[in-house]
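What follows is a set of notes on a single structure, which appears directly below.
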Amino acid sequence: MTAWVRGRVQEVGFRWFTRANALRIGGLTGFAVNLGDGRVQVVAEGPKDRCEDLLEWLRTGDTPGHVDGVTEIWATPRGGYDGFEIR
């Protein structure tokens with residue numbers, strides 16, 4: 001699952017909290033990265049229900065900053081991630 005989070009989500013610890021929640025949910029690999037346009041991109045691979053849990057947190061959780069919206073796509077996992085990183 002790849003999600004793009006828009007709002008006030010940079011310079012507020014959003015990527016760190018995203019990683020912490022991915023680790024709390026468990027079984028997820030991937031990353032969170034700031035984009036040049038002010039969004040944060042989140043790539044998560046793992047069991048679909050756990051990816052859905054992370055997506056739900058991105059949309060409605062107690063996130064730092066302010067989330068205006070989240071757009072996601074689902075695709076076949078590519079693999080190659082070692083844990084869940086902040087980039």
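The chain is numbered in sequence order, starting from 1.
- Considering every non-hydrogen atom in both Ala44 and Leu54, the closest pair reads CB-CD2, 3.9 Å.
- Here ring pair (Phe, Tyr, Trp, His ring centres under 6.0 Å) pairs that include residues 44-87, with residues two or more places apart or in two chains, are Phe31-Tyr81.
- Distance check: Arg59 CZ to Glu72 CD gives 4.5 Å after rounding to the nearest 0.5 Å.
- To the nearest 0.5 Å, the span separating CG on Leu28 from CZ on Arg19 amounts to 12.0 Å.
- Remark: Phe17 engages no residue in a ring pair (Phe, Tyr, Trp, His ring centres under 6.0 Å) (not counting sequence neighbours).
- Minimum interatomic distance between Pro47 and Gly27 (heavy atoms only, all atoms of both residues): CD-O, 3.4 Å.
- Heavy-atom contacts from other residues, nucleotides or ligands closer than 6.0 Å to CG of Asp62 number 12 or fewer.
- Follow the hydrophobic side-chain contacts under 4.5 Å out from Val12 and you reach Val67 in the same cluster.
- The pair Arg50-Glu45 fails the salt-bridge criterion, with no side-chain N (NZ, NE, NH1 or NH2) lying under 4.0 Å from an Asp/Glu carboxylate O.
- Side-chain atoms of Gln10 come within 3.5 Å of backbone atoms of Arg39 as a donor-acceptor pair (strictly under, hydrogens ignored).
- Residue Met1 holds its CE atom at 5.0 Å from CG of Leu55, rounded to the nearest 0.5 Å.
- Nearest approach of Ala32 to Thr18, heavy atoms of both residues: CB-CG2, 4.3 Å.
- Following chains of ILVMFWY side-chain contacts shorter than 4.5 Å, one cannot reach Val33 starting from Val5, and the two form parts of different hydrophobic clusters.
- Closest approach of Arg6 and Val70 over heavy atoms only: NH1-N, 3.7 Å.
- Looking at every heavy atom in both residues, Phe14 comes nearest to Val9 through CB-O, 3.1 Å.
- No continuous path of ILVMFWY side-chain contacts below 4.5 Å connects Val42 to Leu35, so the two sit in separate hydrophobic clusters.
- Atoms CG and CZ, on Asn34 and Arg87 in that order, are 13.0 Å from each other to the nearest 0.5 Å.
- Once rounded to the nearest 0.5 Å, the distance linking CD1 of Ile25 with CD of Glu56 reads 10.0 Å.
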